[in-house]
Amino acid sequence: MLVLGIDTSCDDTGVGVVRGRQVLANVVASQAALHAPMGGVLPEAASREHLATIDGVVGEALTRAGVELHDLDAIAATRGPGLAGALLVGLGYAKGLAWGAASPFIPIHHLEGHVAACLAEDAGRGPPPEPPFLCLIASGGHTVLFDVPEAGRYLRVGGSRDDAAGEAFDKVARLLALPYPGGPALAALAGDGDPGTLPLPRPMARQHGFDFSFSGLKTAVAVFLERHPDASRADVAATFQERVVTSLVDVATRAARAFGRDTLVVAGGVAANRALREALAAAALHVHLPPPGLATDNGAMIALAAVEQVRLRGVPDQVEALAVDAAPYLPLAEGPSRPRDAQAPRPHDAAR
Ligand SMILES: Nc1ncnc2c1ncn2[C@@H]1O[C@H](COP(=O)(O)OP(=O)(O)OP(=O)(O)O)[C@@H](O)[C@H]1O
Ligand SMILES: [Mg+2]
């Protein structure tokens, strides 16, 4: 099945082409330079930039994949969650393209796209993850844990009570005067530092649940830098990164144990982090991660999610699919879930 996928949920215009689980092309036009002077994404500017670049990015993805528009079996796009105006561009473009090419249109949940990145076939990678598994999504907008008892079912078991992990990386990068986008820059600086020396707190260290909290750690970094202006920035970066990574890995592995899962799928932009990947390699679980280049927003992951959706549920009804609107807020979880031996139900909020 040959599918073109489009993601314009935030500030990257991503277009990918996949054949089954094989990624033929993955073109991402980053808007980082446009938003850098603001230190964050300006939604209106993001929409306009998507509009200006999407046609060229689609053309380049088709060329790189060596396929023509009429070869495609389906066209997929992110429907949400994300920035409303940005989503509208990719969604509207994909619907029009599908309509014009008489190809089925498949709307995709952005977070399902992040998870589907782990399905990509890649040299040296084993078979794809098979449910049941536990799934951690750690990105710029989300840090959430799902139990996935069967393909396509997401039961929320915990998540961040404040900042997402990627958001915390970006905010602390700003405190360290690192260039936008901050996450990868902070990770690079952390590589030169010592994570063992500074007195930064361990978030939610004594909880029995499966939540995260990163804004207190961020404030602790701000206070520390104010009191110790001459401290090694690399050590601060390394210690902050160690605290985030340890929190993610500890809570995810504890949740996997509580839910009786021996497989952990980790997705989202923070899954690109090398320290996190190294810590996960030491966990006593079968860990699945997206290949490098598919962790942060891209179109190939949307195409991979579409292939998976068709495999599970067939091609969607086209009257319904073409009527799907952009959904800035769109929870993925379908309802509450409890560890196997839990006594009392725990509150469960939306996927965000
Ligand atoms: N190597 C890295 N180390 C740490 N964080 C990283 C790294 N690479 C990317 N990130 C972070 O990942 C985030 C971007 O990921 P992604 O593109 O999945 O998020 P998003 O699309 O903005 O959010 P969402 O998917 O929740 O809507 C940013 O916050 C970025 O700082
Ligand atoms: Mg994303």
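None of the values given here were measured: they were computed from a predicted structure. When a ligand or atom number is given, it counts from 1 through the structure's own listing order.
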Q. Is it the side chain, the backbone, both or neither of His110 that has a heavy atom closer than 4.0 Å to ligand 1?
A. side chain
Q: Could you list the residues that satisfy salt bridge (charged side-chain N to carboxylate O under 4.0 Å, His left out) with Glu308, not counting sequence neighbours?
A: Arg311
Q | Of all pairs that satisfy ring pair (Phe, Tyr, Trp, His ring centres under 6.0 Å), the ones with a partner from residues 160-182, not counting sequence neighbours | A | Phe169-Phe240
Q) Can you find a side-chain donor-acceptor pair between Thr13 and Thr53 that sits under 3.5 Å? A) yes
Q. Run the side chain to side chain donor-acceptor pair (under 3.5 Å) check on Thr78 and Asp7 step by step: do they pass?
A. CA-CA 5 Å; Thr78 300; Asp7 183 82; 2.5 Å; yes
Q) Going by distance alone, is a donor N or O of one side chain under 3.5 Å from an acceptor N or O of the other, for Ser213 and Asp162? A) yes
(Q) Can you list everything that forms a salt bridge (charged side-chain N to carboxylate O under 4.0 Å, His left out) with Glu121? Sequence neighbours excluded, please. (A) Arg21
**Q.** Polar side-chain atom of Lys95 near backbone of Leu322 as donor-acceptor pair, under 3.5 Å
**A.** yes
Q: Tell me the protein N, O or S atoms under 2.8 Å from the Mg ion (ligand 2), in chain and number order.
A: His110 NE2, His114 NE2, Asp297 OD1
**Q.** Contact atoms of ligand 1, heavy-atom distance to Thr296 under 4.0 Å
**A.** 9 (C), 15 (O), 17 (O)
Q: Could you tell me which atoms of ligand 1, counted from 1 in the order shown, lie closer than 4.0 angstrom to a heavy atom of Gly166?
A: 29 (O), 31 (O)
Q.
With nothing but distance in play, are any N or O atoms of Leu111 less than 3.5 Å from an N or O of ligand 1?
A. no
**Q.** Contact (N/O only, under 3.5 Å) between Gly141 and ligand 1
**A.** yes
Q: Decide whether the shortest distance between a heavy atom of Gly82 and an atom of ligand 1 is less than 4.0 Å.
A: no
Q) Below 3.5 angstrom, do we get any N/O pair linking Gly182 and ligand 1? A) no
Q) Which atoms of ligand 1 have any heavy atom of Ser139 under 4.0 Å away? A) 18 (O), 19 (O), 23 (O), 24 (P), 25 (O), 26 (O)
Q.
I want to know if ligand 1 touches Phe169 in the polar sense, i.e. an N/O pair below 3.5 angstrom.
A. no
Q) Would Leu62 and Leu72 satisfy side-chain contact (heavy atoms from CB on, under 4.5 Å), going step by step from the backbone distance to the final call? A) CA-CA 10 Å; Leu62 288 171; Leu72 299 171; 4.3 Å; yes
Q.
I need the contact type for Asp170 against ligand 1. Using non-hydrogen atoms and a strict under-4.0 Å cut-off, is it side chain, backbone, both or neither?
A. side chain
Q.
Can you tell me how far apart CG (Asp170) and CG (Leu175) are? Round to the nearest 0.5 Å.
A. 11.5 Å
Q. Below 3.5 angstrom, do we get any N/O pair linking His142 and ligand 1?
A. yes
Q) Where the closest heavy atom to atom 15 (O) of ligand 1 is concerned, which of Gly14, Gly269, Ala117, Ala138 has it? A) Gly269
Q. Any N or O of Ser9 that comes nearer than 3.5 Å to an N or O of ligand 1?
A. no
Q) Going by the angle between their ring planes, with limits at 30° and 60°, are His110 and His114 parallel, tilted or perpendicular? A) perpendicular
(Q) Please determine whether the number of non-hydrogen atoms from other residues, nucleotides or ligands lying under 6.0 Å from atom CZ of Arg227 exceeds 12. (A) no
Q) Arg79 side chain to Val324 main-chain N or O, any donor-acceptor pair under 3.5 Å? A) no
Q. With atoms numbered from 1 as shown, which atoms in ligand 1 lie under 4.0 angstrom from a non-hydrogen atom of Val270?
A. 12 (O)
